[in-house]
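Below you'll find the structure, written out as structure tokens, and then a few comments.
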There are 2 protein chains.
Amino acid sequence: MAATIRDVAQASGVHVSTVSRTFSAPHLVNAETRTRVLAVAEDLGYRPNRAARALTTGRTHNLGLIVADISNPFFPPLIKAAQAHARTRDYHVFVADTDEDPLVEEELIQTLTKQVDGVLLCSPRLSNRAIERLHADVPFVVVNRRVKGMPTVLMDVRYGARLAIDHLTGLGHRRIALLSGPSGSWTSKEMHETAAAAGGVDLVIIGPNAPTEEGGLAVAAEVIASGATGVLAYNDLVAIGLIEGLYERGVQVPADISVVGVDDIVAGRLNRPKLTTVAMPTAAAGRMAVDLLLQSVDDGGAATLATLATSLVVRESTGQARA
Amino acid sequence: MAATIRDVAQASGVHVSTVSRTFSAPHLVNAETRTRVLAVAEDLGYRPNRAARALTTGRTHNLGLIVADISNPFFPPLIKAAQAHARTRDYHVFVADTDEDPLVEEELIQTLTKQVDGVLLCSPRLSNRAIERLHADVPFVVVNRRVKGMPTVLMDVRYGARLAIDHLTGLGHRRIALLSGPSGSWTSKEMHETAAAAGGVDLVIIGPNAPTEEGGLAVAAEVIASGATGVLAYNDLVAIGLIEGLYERGVQVPADISVVGVDDIVAGRLNRPKLTTVAMPTAAAGRMAVDLLLQSVDDGGAATLATLATSLVVRESTGQARA
DNA sequence: GACAATGATGCAACCGCTTGCACTAATGTG
DNA sequence: CACATTAGTGCAAGCGGTTGCATCATTGTC
């Protein structure tokens, strides 16, 4: 049985309130008493029970982070950055995976509600309405989705997509295929709109697709049939899968078709050919999200919108279009 | 302000204890009362506060899962399986990443201690002694490491490594390089011992290496210099990195050198050449770990040891040795 | 030397929920 | 019909902390 605050109080001959203050408001207790209490606590292996503390303070010092699919390599850097950053603020981040299921997502949020001070919602699959409703119970910050009235961290997908398309057209590609993502994806919609707005390109939309290698692999034939020579994929995973599919069909990248991905995951750098991609500032997004969330927890929270810059990383999967 | 049990009690004209029982021991309350209370609760948007409940019951219905590096694709399937399986038992699992840092790992465990009923320690970097010490505070189950007196889930690395080496020697490879993992790794040690015990092979050990693509990439030259024609890599990531490094130096896989990985991650199936690998039953391990942990939480816990079978998946990265 | 200010500690209520025990009324038994 | 069960509910004491307020020395001030 772990030592409680009362054990420490008794063993050090002071009242529990003094022990409590020794930990949560040290300046209120006499230096001498404090060291004695700390010594006893150390001796007994006492550690304040955060859950019990949360009951009275209303602060758990925990944050929840919800992602749709933890195996998507896009998320881990974000998660790690968020955890590391939160730790510097004496907060801990618990991660949960919804398995792309909105129901699980909602259930998870409700479970989390009382156990954390706020939740980071990354690429949520829930409807905006559902998010707004749940927001009544716990502070949110949403990453990769625009929900009005809520702190939001966005990455500048439009700009990135624009760079990618300009890069492709600059290489002489006129017919460009856009491999979209899952149907509910905000990022995918942004890409669509950007591509549609780009002048002088002959656009074919292929999808929606699963945001995975399999998703890209599955549409290789369709891409070939479309006659496009340039492809902008929903993300790197899709791009990698596509390249593999094209390869299996004897189509060379970038000789025959140029492919650009989105995210800049590690695997892209090790792919053959190395992937040209729109780099997303995932780590920065993770930190920013934690900042906004903590601010929102403390101040009651303004609905700040942070948009992070993206950039194009040109590697080997794109090249001059055939004459 | 969220509704509490008292609000519900008052609004439905019963005592708080009745409301409490409505949720945690429904059979003890009259059907009629129960429906009325539930209706009021629904109406007020009341949800029991799990943290408060945990204070009296001593059960949070949460599990912690600690991994060294969430971006290692080996873990996500394990995590997902554990989460899904735990959910069927009305438990939730929170994931935390230690960033390969034993100090962070220890700190995380201590934070978790009071907030979860048990912790899944996956490929821990902590010393056995430290693990045993911390075990006094919270039930553990250890995955991928043998710690005596503790429930443990192991994958049969020795058998897998044996299969890989037999496969390689069967193809005529006599000189085999073993790319080891991080120095503290139990898996790596198992592989060493198995390889050393295998007769008729000329073994070169290269490492320790980071368990990542970069780790494999970095030793390509060394592998070539070693004169080995067969390689068993610590994991698929290392194997993929190595293959990339060999390719950059004009060495063909499997024509010149055969490579086998360990884990069977998705990326291995999409690599070029597709990776021959020792498949690890990660999802099964996740489920098993949850089972053992829950059992340990309930029964006080026997120190069961579960060893899961591994198998060899032969794909394209291994071939006949040069004459 | 009287009095106010200050610093350190104790007291006790409370956070939201559970649970052993006591109580009442309805039911079953001989 | 007396009595033992049983079902349903209320009571109140916790679980492990925090915190506003009261108390009591000390110290400083005029």
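Only heavy atoms go into these numbers, but all of them, side chains included; no hydrogens, no water, no symmetry mates. In what follows, every chain begins at residue 1, and chains take the letters A, B, ... in the order their sequences are listed.
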Determine the contact category for [X]: base if any of its heavy atoms lies under 4.0 Å from a base atom, sugar-phosphate if only primed atoms, P, OP1 or OP2 are that close, otherwise nothing.
X: Arg50(B); result: nothing
X: Val14(B); result: sugar-phosphate
X: Arg47(A); result: sugar-phosphate

Nearest to the [X] side chain among [options], which nucleotide is it?
X: Ser17(A); options: dT19(C), dT19(D), dC17(C); value: dT19(D)
X: Arg21(A); options: dG20(D), dG16(C), dT9(D); value: dG20(D)
X: Thr33(B); options: dC17(C), dT9(D), dG17(D); value: dT9(D)
X: Thr4(A); options: dC17(C), dG16(D), dT9(C); value: dG16(D)
X: Tyr46(B); options: dA8(C), dC17(C), dT9(D); value: dC17(C)

Specify the separation, in whole Å, of atom [atom1] of [X] and atom [atom2] of [N].
X: Glu32(B); N: dG8(D); atom1: CD; atom2: P; value: 11 Å
X: Leu55(A); N: dT19(D); atom1: CG; atom2: P; value: 12 Å
X: Phe23(B); N: dG16(C); atom1: CZ; atom2: P; value: 15 Å
X: Arg59(B); N: dT19(C); atom1: CZ; atom2: P; value: 11 Å
X: Asn49(A); N: dC17(C); atom1: CG; atom2: C1'; value: 14 Å
X: Leu28(B); N: dG20(C); atom1: CG; atom2: P; value: 11 Å
X: Ile5(B); N: dT9(D); atom1: CD1; atom2: C1'; value: 14 Å
X: Gln115(B); N: dG16(D); atom1: CD; atom2: C1'; value: 14 Å

N/O (side chain, [X]) to phosphate O (OP1/OP2, [N]) under 4.0 Å:
X: Thr57(B); N: dC17(C); result: no
X: Thr18(B); N: dG10(D); result: yes
X: His15(A); N: dT9(C); result: no
X: Ser20(B); N: dT18(C); result: yes

Between CG on residue Asn144(A) and CD on residue Glu190(A), distance to nearest 0.5 Å: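 Atom-to-atom, Asn144(A):CG and Glu190(A):CD are 10.0 Å apart.
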Which distance, rounded to the nearest 0.5 Å, do you find between the CG of Leu78(B) and the OG of Ser123(B)?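 Atom-to-atom, Leu78(B):CG and Ser123(B):OG are 8.0 Å apart.
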Lys/Arg N to Asp/Glu carboxylate O, [X] vs [Y], below 4.0 Å:
X: Arg133(A); Y: Glu106(A); result: yes
X: Lys114(A); Y: Asp137(A); result: no
X: Arg125(B); Y: Asp101(B); result: no

Tell me if the side-chain of Arg53(A) makes a donor-acceptor pair with the base of dG16(D), cut-off 3.5 Å, by modelled atom types.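 A donor-acceptor contact between them is absent.
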If you measure only the distance, is there a donor-acceptor pair under 3.5 Å linking the side chains of Arg146(B) and Asn128(B)?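 The criterion, which ignores hydrogens and geometry beyond distance, is not satisfied for Asn128(B) and Arg146(B).
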Which sits closer to the 5' end of DNA chain C, Val16(A) or Arg36(A), going by the nucleotide each is nearest to?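 Per heavy-atom nearest nucleotide, the more 5' residue is Arg36(A).
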